[in-house]
There are 2 protein chains.
Amino acid sequence: MSIDLHKHREIQQKLAAQEPLDPRVEKLVNEVIARVADKWTMIILDVLAEHGELRFTQLGRLVPGISQKMLTQTLREMEREGLVVRTVHPVVPPKVEYRLTDLGLSLGAAFCGVWIWAEQNLEKIERARAAFDQRTKPEDQSMSRSV
Amino acid sequence: MSIDLHKHREIQQKLAAQEPLDPRVEKLVNEVIARVADKWTMIILDVLAEHGELRFTQLGRLVPGISQKMLTQTLREMEREGLVVRTVHPVVPPKVEYRLTDLGLSLGAAFCGVWIWAEQNLEKIERARAAFDQRTKPEDQSMSRSV
DNA sequence: ACCGACACTTACCACACGGTGAGTATAGAA
DNA sequence: TTCTATACTCACCGTGTGGTAAGTGTCGGT
């Protein structure tokens with residue numbers, strides 16, 4: 001549930017030292033990050049963490065920009081990873097409910113570290129970006145630098 | 001540097017409760033995740049955390065699959081976010097060194113939570129995936145699926 | 001008989017991402 | 001003179017990702 005500080009230190013040391021982590025772990029982490037980092041997964045995780053159990057259309061309404069296709073797709077992937085459970089009620093107008101598993105909840109908790117980091121370093125990042133743009137942009141060229 | 005457990009709890013509570021986080025933070029988090037989650041950023045962060053200061057080609061060698069284009073691009077983005085510093089030595093064969101900033105280091109530390117999570121839940125995820133594939137794959141010739 | 005609700009699935013399409021390979025600049029080595 | 005090393009930039013191109021819109025199936029309401 002909560003971050004284990006011993007583990008934390010240990011891995012920090014591994015990062016600081018040359019000790020490579022288990023390659024399986026590294027691969028998994030990359031996969032997890034890739035999965036979680038897409039446009040919708042974190043938002044859905046967030047909404048689900050906030051609202052508990054939700055139906056497909058409710059979820060769609062709570063994640064404004066999303067298309068049905070992406071909602072289904074993301075939810076499927078999250079289900080596959082064991083982050084959400086999908087409960088089908090075989091009733092006349094279909095009723096499907098989605099809810100985070102313990103795993104999903106714990107992923108949310110694990111990401112707290114990143115949230116905290118972002119929260120604490122928001123200003124720093126914005127300053128870094130501004131400074132970078134400052135020292136990069138002054139060339140009056142129309143370089144297409146899309147975000 | 002290390003994760004603040006008070007903050008951690010606080011945010012967990014916010015996640016559990018309905019309290020939304022500062023939208024700026026949420027936006028930033030999504031951006032950070034999106035940035036960090038690309039194919040190369042985390043790997044570079046990792047390599048840099050392990051080796052300290054590195055030159056362009058050294059980095060390229062330590063991140064086997066990467067193309068020059070992607071290395072440059074990723075490095076630039078990381079520089080913009082203030083995660084790395086780029087030091088140019090105006091010598092005859094160009095010499096440029098890259099090194100993590102405190103911010104970059106702290107991001108690595110923040111991601112420890114996710115690493116730990118992945119490490120601790122590796123089996124669970126693989127089992128979830130296997131189970132999901134199991135119950136999804138058995139599609140034989142018949143198109144009708146009996147749930 | 002027709003419509004709408006729900007939870008999807010499918011076809012199509014545009015754009016962005018990432019790879020490849022070439023080009024650029026400089027100076028010392030061969 | 002040509003080659004090599006370094007740290008890039010640029011043009012081109014194929015794939016993949018995500019959006020739009022329409023279709024599917026069932027049943028209850030009108």
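Bear in mind that the values here come from a model prediction, so they are computed numbers and not experimental data. Naming convention: chains lettered A, B, ... in sequence-line order (proteins, then strands); numbering from 1 in each chain.
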*Asks:* I want to confirm an ordering. Mapping Pro93(B) and Pro94(A) to their closest nucleotides on DNA chain D, which one lands closer to the 5' end?
*Replies:* Pro93(B)
*Asks:* Could you tell me how far apart Gln73(A) (CD) and dT10(C) (P) are, to the nearest whole angstrom?
*Replies:* 12 Å
*Asks:* Would you say Arg55(B) reaches dA7(D)'s phosphate, i.e. side-chain N/O to OP1/OP2 under 4.0 Å?
*Replies:* yes
*Asks:* State whether Thr72(A) places a side-chain N or O below 4.0 Å from either non-bridging phosphate oxygen (OP1 or OP2) of dA7(C).
*Replies:* no
*Asks:* Is any side-chain nitrogen or oxygen of Arg76(B) closer than 4.0 Å to OP1 or OP2 of dC8(D)?
*Replies:* yes
*Asks:* How close or far is atom P of dT24(D) from atom CZ of Phe56(A), stated in whole angstroms?
*Replies:* 18 Å
*Asks:* Closer than 4.0 Å, any side-chain N/O of Lys39(B) to the OP1 or OP2 of dG19(C)?
*Replies:* yes
*Asks:* Return the minimal non-hydrogen interatomic distance between Glu81(B) and Leu103(B), and the atom names on each side.
*Replies:* O-CD2, 3.5 Å
*Asks:* Would you say Val96(B) and His89(B) make side-chain contact, with heavy atoms under 4.5 Å?
*Replies:* no
*Asks:* Between Phe56(B) and Lys95(B), is a side-chain contact (heavy atoms from CB on, under 4.5 Å) present by the stated rule, with each step listed?
*Replies:* CA-CA 8 Å; Phe56(B) 185 81; Lys95(B) 181 172 179 180; over 6 Å; no
*Asks:* Is it the case that dG19(C) (base atoms only) and Lys69(B) (side chain only) share a donor and an acceptor within less than 3.5 Å, ignoring hydrogens and angles?
*Replies:* yes
*Asks:* In this structure, how many angstroms lie between the P atom of dG18(C) and the CH2 atom of Trp40(B), rounded?
*Replies:* 9 Å
*Asks:* Please state whether the rings of Phe111(B) and Phe111(A) are parallel, tilted or perpendicular, taking 30° and 60° as the class boundaries.
*Replies:* perpendicular
*Asks:* Taking the side chain as every heavy atom from C-beta outward, state whether Trp117(B) and Leu107(A) have any atom pair closer than 4.5 Å.
*Replies:* yes
*Asks:* So which nucleotide from dT6(D), dA22(C), dG19(D) ends up closest to the side chain of Gln68(B)?
*Replies:* dA22(C)
*Asks:* Separation of Ile66(B) atom CD1 from dG18(C) atom P, in whole Å?
*Replies:* 10 Å
*Asks:* Taking the side chain of Arg86(B) as heavy atoms from C-beta outward, which of dT6(D), dC8(D), dA7(C) is closest to it?
*Replies:* dC8(D)
*Asks:* Please compare Asp38(B) and Arg61(A) by the position of their nearest nucleotide in DNA chain C and report the one closer to 5'.
*Replies:* Arg61(A)
*Asks:* Using the closest heavy atom to pick a nucleotide of DNA chain D for each, name whichever of Glu97(B) or Met70(A) lands nearer the 5' end.
*Replies:* Glu97(B)
*Asks:* According to a strict under-4.0 Å criterion, is Thr57(A) in side-chain N/O contact with OP1 or OP2 of dA7(C)?
*Replies:* yes
*Asks:* Can you tell me the distance, in whole Å, between the CG atom of Leu71(B) and the C1' atom of dT20(C)?
*Replies:* 16 Å
*Asks:* What integer distance in Å separates His89(B):NE2 from dC8(D):P?
*Replies:* 12 Å
*Asks:* What is the distance, to the nearest angstrom, from the OH atom on Tyr98(B) to the C1' atom on dA7(D)?
*Replies:* 7 Å
*Asks:* Using a 4.0 Å heavy-atom cut-off, does Ser67(A) contact any base of the nucleic acid, only the sugar-phosphate backbone, or nothing at all?
*Replies:* base
*Asks:* Whole angstroms only, please: what is the CG-P distance between Leu59(A) and dC8(C)?
*Replies:* 10 Å
